[in-house]
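Computed from heavy atoms alone, side chains included, the values below leave out hydrogens, waters and symmetry copies. Note that the structure is predicted; figures quoted are calculated from it, not measured.
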Amino acid sequence: MTAIEVPGGPAAGLGGRLRLRDSGIRRLFGALVLVFVGGYVASWLLPGFGVFPESWDVGFAEPIDRARRWLINNQTTHGLYTVFLNPISDAIDAAIRWIESALAWLPWYVYPAFTGVGLWWARSRMAGVLGFLGVWAIGVLELWEEGLSTLALMGVAVIISLAIGIPLGIAAWRSDRFAKLLRPTLDAMQTMPGFVYLIPFVLLFGIGRVPSVISVFIFAVPPVVRLTEVGLRNVAPSMVEASEMFGATDRQTLRLVRLPQARPAILAGVNQTIMLAMSMVVIAAFIGAGGLGQVVLRSLSSLDVGRATEAGVSIVIMAIILDRFSQGIATASPGRDARWIRPIFGGTVAAAVVGGLLNHSAFPEGLNWQFASYIDDAVGWMQIHLYDIADSGIGTGPFSDFVTLNLVSPLRELFSSSIPWPVMIGIGVVLGLAARGIRLGLGIGAALTLIGLLGTWENAMDTLAQVVVAVVVTLIIGIPLGIMAAQRDRFQTALNPFLDFLQTIPSFVLLVPVIMLFHVGRIPGIIASILYALPAAVHYTDLGLRRVPHEIGEAADSFGSTRLQRLRKVDLPLAAPELMVAINQTIMLVLSMVVIAGLVGGGGLGFEAVKGLRRSDSVGSGFEAGIAIVLLAGILDRLTRAVADRLRPPPAVA
């Protein structure tokens, strides 16, 4: 089947572009062969050329550790702290304490009642019932105080994010120059794995809730900035002109016309900010954020899977409630029977005041019930009976050993030592040159060289091996699921709840069920990474195929192509940009999760970052690992984005 030409359509010239692409692939392959041959000849002629030289380590960790000791010794005297950092720390700490006190003063029964009524109004009656039961369950599991602590910390972070993010979005809408300057910063904030944000703030503020709030704010603020700008730019010009015709000033038009019209986009940004804050609050437990995340962290460290499961379930409940609540408000879809909401809400407020005065804030101990012991028993049974089922060589143990010995370890050895380090850098340069040009190629080469100079080459290659395995498996599963979802609406409808659940659940919690089966090591981190990244692979594949113009598909059918031929020669080539976006998002999500997996023995850069957060004498090495993570994420992000841009078809000719 030849390329289909549709005059003026997106497929016009597809055959020529594919031929040019084939020519480019041949040149790329030739350049890679040249790099391989030259690198291996150099490693053969020059002994020690294979592994990145340890003597080249710039020793960045020691200055960081010295700076940390200096900061600790001068926290009460130096102007940096007395004038700037300490007032910020005191203000954030006071806000957390005030919100915690307010939440603790309210009687416990107000929370399930308010949640039930709020979700009833915002979503539906069933959502209200489930929300009521969900909040009740957090108290039953004896995690009430931890839940309030998490809510207080997240609330402060979200308030700061909105107070700064919305004005930044307005400023970006007003000034294209400011928007252009702001965009790379937001890209960097969204590209870096959340784990990395913790390290510099530990350096400045030490361990505690204040650096946690600041880290959460930086991680969660980009969506509300971007969507505020997008919402304001998409306001209909006719409405603005009508406002100006009535004599409204620019500020009045912004307040009375533009912001109300941009409300859905801004509230969608608020929803995304809340969910990012929720996921980051759990990770921030590494630096003393407390709350539910601290319970999960402590339980995983002691392999108390039962208690970790209870805390994980509570986090999922809270995340789903906050997601549904903010989504319901953003879409303004109140449930039926709303006439009952006001009296119920009024009764709830009255009960809150009376209960607070009578000191009914604590959740009753008589209602507590825990299932941790049952989970622990189930974990023990699975680890004994599923490790190697009936000595058949089938089970979690043989599977883990197979993946480790045949995939992860060989790739790690290949990247770190079998392929000489100049060859790895040369490969990065060639790929960058082919994808976007000399600027990206030199940038990738410089980033890889810096990873080696930081003394993190071997750990970075270990992390890269885990990322490659997880990404390949995710795409092998996700792309076919996305294809099926695009072709069958009923299948997409059935699949969406599962994908929504995986997107809603904080990434940290995904480690808990995987550890039940695979204990600790690299495999739990890889499997959790696959689950975390799978929704992105499916959704972007589905979206790309659905965006293929119908007339092109009809033209392919009229030429007598089968469904498989149409998919292979028409739909997938035209959806290639979205497929590269799927690969990009999969890589970034997997990388962020593989780093978190350092907590459970995942090794690589994640382990070094965890060690830097947990031990005051390892902050420098953790900082180095954090920089290496950022560099690795930037390389993979820019490279896949560049390929996606090259694959994007030119605009249709009118």
Exercise. Is any side-chain heavy atom of Phe205 closer than 4.5 Å to a side-chain heavy atom of Leu85?
Worked result: yes

Exercise. CG of Leu631 to CD1 of Ile451: how many Å apart, nearest 0.5 Å?
Worked result: 5.0 Å

Exercise. Should we say atom OH of Tyr111 is surrounded by more than 12 heavy atoms from elsewhere, each under 6.0 Å from it?
Worked result: yes

Problem set entry | pair Val270-Ile274: side-chain heavy atoms closer than 4.5 Å | yes

Exercise. Would Glu100 and Arg209 pass as an ion pair if we require N to O under 4.0 Å?
Worked result: yes

Exercise. Are Arg546 and Gln492 side-chain neighbours, meaning at least one heavy-atom pair lies under 4.5 Å?
Worked result: yes

Exercise. For the atom pair CD1 (Ile635) and CG (Leu591), what is the distance rounded to the nearest 0.5 Å?
Worked result: 10.5 Å

For this session: Determine yes or no for a side-chain-to-main-chain donor-acceptor pair under 3.5 angstrom, with Thr253 supplying the side chain and Thr249 the backbone.
Result: yes

Exercise. Using a distance-only test with no angle check, is there a side-chain donor-acceptor pair under 3.5 angstrom linking Thr586 and Thr474?
Worked result: no

Problem set entry | Verdict with supporting geometry, Ile170 and Trp173, side chain to side chain contact (heavy atoms under 4.5 Å, CB included) | CA-CA 5 Å; Ile170 294 173; Trp173 159 72; 4.2 Å; yes

Exercise. Is any side-chain heavy atom of Arg436 closer than 4.5 Å to a side-chain heavy atom of Leu639?
Worked result: no

Exercise. Rounded to the nearest 0.5 Å, what separation is found between the CG atom of Leu572 and the OG1 atom of Thr541?
Worked result: 9.0 Å

Problem set entry | Sole candidate of Ile88, Leu153, Ile92, Val156 that passes side-chain contact (heavy atoms from CB on, under 4.5 Å) when paired with Val210 | Ile92

For this session: Take Leu579 and Ile583 through the test side chain to side chain contact (heavy atoms under 4.5 Å, CB included) and record every step on the way to the result.
Result: CA-CA 6 Å; Leu579 292 178; Ile583 294 173; 5.5 Å; no

Exercise. Any side-chain heavy atom of Val590 within less than 4.5 Å of one from Tyr532?
Worked result: no

Exercise. Any donor-acceptor pair under 3.5 Å linking the side chain of Ser212 with the backbone of Gly208?
Worked result: yes

For this session: Return yes if some donor-acceptor pair links the side-chain N/O of Asn74 with the main-chain N/O of Trp70 below 3.5 Å, else return no.
Result: yes

Exercise. Hey, does the side chain of Gln261 reach the backbone of Ala236 with a donor-acceptor pair shorter than 3.5 angstrom?
Worked result: no

Exercise. Does any N or O in the side chain of Ser161 come within less than 3.5 Å of the main-chain N or O of Ala220, such that one atom is a donor and the other an acceptor?
Worked result: no

Exercise. Arg174 and Asp250: salt bridge (charged side-chain N to carboxylate O under 4.0 Å, His left out), yes or no, with the steps?
Worked result: CA-CA 11 Å; Arg174 286 189 179 278; Asp250 184 59; 2.8 Å; yes

Exercise. Between Ser175 and Ala172, is there a donor-acceptor pair closer than 3.5 Å when you use the side chain of the first and the backbone of the second?
Worked result: no

Exercise. Under 3.5 Å, is there a donor-acceptor pair between the side chain of Tyr540 and the main chain of Met580?
Worked result: no

Exercise. Between Arg547 (side chain) and Leu574 (backbone), is there a donor-acceptor pair under 3.5 Å?
Worked result: no

Exercise. Any side-chain heavy atom of Ile218 sitting closer than 4.5 Å to one from Phe201?
Worked result: yes

For this session: Could you tell me whether Asp500 and Arg324 make a salt bridge, using a distance below 4.0 angstrom between a side-chain N and a carboxylate O?
Result: no

Seminar exercise, completed: Value for OG (Ser279) from CD1 (Ile315), rounded to nearest 0.5 Å, stands at 10.5 Å

Exercise. Atom OG1 of Thr273 and atom CE of Met154: how far apart are they, to the nearest 0.5 Å?
Worked result: 11.0 Å

Exercise. Got more than 12 heavy atoms from elsewhere within 6.0 Å of CZ, Phe178?
Worked result: yes

Problem set entry | salt bridge (charged side-chain N to carboxylate O under 4.0 Å, His left out) assessment of Asp176 paired with Arg233 | CA-CA 11 Å; Asp176 290 338; Arg233 290 186 184 278; 3.0 Å; yes

Exercise. Charged N to carboxylate O below 4.0 Å: is that the case for Asp90 and Arg97?
Worked result: no

Exercise. Any donor-acceptor pair under 3.5 Å linking the side chain of Asp637 with the backbone of Ala633?
Worked result: no

